[in-house]
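Okay, structure first, notes after.
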Amino acid sequence: MRRGGIALILAGAAALVVPSPPVPVLEGIAARLVARAPVPVPVAAPAPRGLPVIDYWTGPRGLPADTGQLSATGLRPASKIVVYDAPGGRPRGLVERSISGLPVVLPIVARRTGWVAVLLPTTNRRMGWVPPKGWSEEPLRDHLVVSRGDHRLTWFRHGVRKKSWTVATGAAATPTPLGRTFVMGTTGTRGAVYGGLDALVLGSIPENPEAVAEGLGAAHTGIHSWTDPGAFGRSVSNGCVRVPPKVMRLLLDEINPGTPVTVVD
């Protein structure tokens with residue numbers, strides 16, 4: 001029992017008098033207990049029928065802007081997952097394990113109360129929130145940075161600059177989309193100018209599809225080989241990043257799906 005600020009511990013017939021801890025100490029203990037209390041994970045609302053699947057042609061709507069934080073890990077779906085506009089928020093789309101035959105690895109760009117936010121394909125500068133089940137993490141070691149003003153592609157590994165090259169970027173009417181995207185995987189090319197090499201498919205799409213040729217209006221931007229050296233150091237493409245064939249060979253050997261790609265001015 002307690003009297004006048006003194007705590008009494010009774011043991012049989014004897015009473016041991018113990019001074020009460022000062023108020024600041026008690027407040028500190030209480031604060032630590034509150035800090036250790038688990039924060040409840042927001043409940044994921046079930047996906048309604050007819051929720052759109054995010055694919056190569058259809059991007060999500062109603063999702064928040066990318067935070068711009070650098071990602072070091074990626075999310076690989078174990079099955080179809082639902083993407084929300086906030087932790088515990090509204091379902092906005094579905095992501096399957098592959099898109100157009102490309103295995104899905106999405107860069108994780110934010111974390112909150114058990115949920116993670118990921119970059120999404122077929123949309124520019126948007127992210128979606130995913131609840132903490134139905135996927136696994138894997139490390140992302142690389143980061144590609146494209147400078148439109150300098151016409152330069154720089155490759156970083158574990159945050160350390162590896163190599164840098166002069167490249168070609170999008171023309172004024174069809175610029176390479178600014179912001180951050182990621183490598184979805186590789187695709188084949190047709191035409192001698194590509195040097196017979198595959199291209200890296202990016203998650204970003206043209207800012208104005210009507211400005212590019214009709215056959216490219218639904219295409220993604222990419223990084224691909226270009227055999228004409230006169231293009232490098234210029235803004236001449238439909239939005240893709242053109243690189244010398246030897247650079248493309250290196251990128252195809254070293255760059256994995258999920259690798260973040262940041263485009264700056």
Side-chain angles (χ1 to χ4, degrees), residues 27-100 102-143 177-185 201-205 207 220 256-263:
E27 291 177 345
I29 293 173
R32 287 195 295 273
L33 290 175
V34 171
R36 292 174 185 170
V39 178
V41 177
V43 177
R49 289 188 177 183
L51 194 65
V53 175
I54 299 169
D55 58 23
Y56 192 83
W57 301 275
T58 306
R61 296 179 180 272
L63 291 174
D66 177 22
T67 61
Q69 299 175 28
L70 186 61
S71 176
T73 56
L75 177 153
R76 184 184 290 274
S79 58
K80 187 181 295 183
I81 58 174
V82 184
V83 177
Y84 297 76
D85 56 13
R90 178 179 173 183
R92 293 290 184 173
L94 297 168
V95 177
E96 297 183 322
R97 296 179 61 185
S98 65
I99 294 176
S100 295
L102 302 176
V104 169
V105 180
L106 307 174
I108 295 174
V109 294
R111 298 176 187 268
R112 188 189 304 165
T113 56
W115 290 56
V116 297
V118 294
L119 293 181
L120 293 168
T122 326
T123 186
N124 295 342
R125 299 173 293 277
R126 295 284 164 181
M127 66 182 195
W129 288 92
V130 179
K133 291 183 179 179
W135 50 270
S136 60
E137 283 192 53
E138 58 183 67
L140 300 177
R141 61 184 183 176
D142 297 306
H143 182 206
L178 284 171
R180 183 166 55 171
T181 183
F182 63 98
V183 174
M184 294 180 64
V201 180
L202 304 184
S204 57
I205 57 176
E207 301 282 22
H220 281 226
N256 295 323
T259 297
V261 179
T262 303
V263 180

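Basis for what follows: all heavy atoms, side chains included, without hydrogens, waters or symmetry-related copies.
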What closest approach, in Å, do [X] and [Y] show between heavy atoms, and which atom pair accounts for it?
{"X": "Gly185", "Y": "Pro257", "value": "CA-CG, 4.5 Å"}
{"X": "Ile81", "Y": "Gly134", "value": "CG2-O, 3.6 Å"}
{"X": "Val105", "Y": "Gly74", "value": "CG1-CA, 4.2 Å"}
{"X": "Ile205", "Y": "Pro177", "value": "O-CG, 3.3 Å"}
{"X": "Val82", "Y": "Ala47", "value": "CG2-CB, 3.8 Å"}
{"X": "Ala86", "Y": "Trp129", "value": "CA-CD1, 3.5 Å"}

Legend entry - Side chain Arg61, main chain Arg92, donor-acceptor under 3.5 Å: no
Inset, instruction - Please check if the side chain of Thr181 supplies one atom and the backbone of Gly203 the other of a donor-acceptor pair under 3.5 Å. - result: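 Yes, because the side chain of Thr181 sits within donor-acceptor range (under 3.5 Å) of the backbone of Gly203.
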Legend entry - Arg76 with Glu96: basic N within carboxylate O range, under 4.0 Å: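 No salt bridge links Arg76 with Glu96.
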Legend entry - Salt-bridge present (Arg90, Asp85; N to O < 4.0 Å): no
Supply the atom-to-atom distance [X] [atom1] to [Y] [atom2], rounded to the nearest 0.5 angstrom.
{"X": "His143", "Y": "Phe182", "atom1": "NE2", "atom2": "CZ", "answer": "13.5 Å"}
{"X": "Leu119", "Y": "Met127", "atom1": "CG", "atom2": "CE", "answer": "9.0 Å"}
{"X": "Leu120", "Y": "Arg125", "atom1": "CG", "atom2": "CZ", "answer": "14.0 Å"}
{"X": "Ile108", "Y": "Thr73", "atom1": "CD1", "atom2": "OG1", "answer": "4.0 Å"}

Residue pair [X] / [Y], side-chain heavy-atom distance below 4.5 Å:
{"X": "Leu75", "Y": "Val116", "value": "yes"}
{"X": "Pro91", "Y": "Val83", "value": "no"}
{"X": "Asp55", "Y": "Ser100", "value": "no"}
{"X": "Thr122", "Y": "Met184", "value": "no"}
{"X": "Val95", "Y": "Leu106", "value": "yes"}
{"X": "Val261", "Y": "Arg180", "value": "no"}
{"X": "Leu94", "Y": "Pro52", "value": "no"}
{"X": "Pro121", "Y": "Ile99", "value": "yes"}

Legend entry - With Val183, the side chain to side chain contact (heavy atoms under 4.5 Å, CB included) member among Leu202, Leu102, Asn256: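 Of the listed options, the one satisfying the test is Leu202.
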Legend entry - ring-ring contact (aromatic ring centres under 6.0 Å, His included) contacts touching residues 48-96 (sequence neighbours left out): Tyr56-His220, Tyr84-Trp115
Inset, instruction - Begin from the C-alpha positions of Asp66 and Arg126 and carry the test side-chain contact (heavy atoms from CB on, under 4.5 Å) through to its verdict. - result: CA-CA 5 Å; Asp66 177 22; Arg126 295 284 164 181; over 6 Å; no
Legend entry - All side-chain hydrogen bond (donor to acceptor under 3.5 Å, both in side chains) counterparts of Ser204, not counting sequence neighbours: Thr221
Legend entry - Arg141 atom CZ: more than 12 heavy-atom contacts under 6.0 Å: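 Buried by this count: over 12 neighbours within 6.0 Å.
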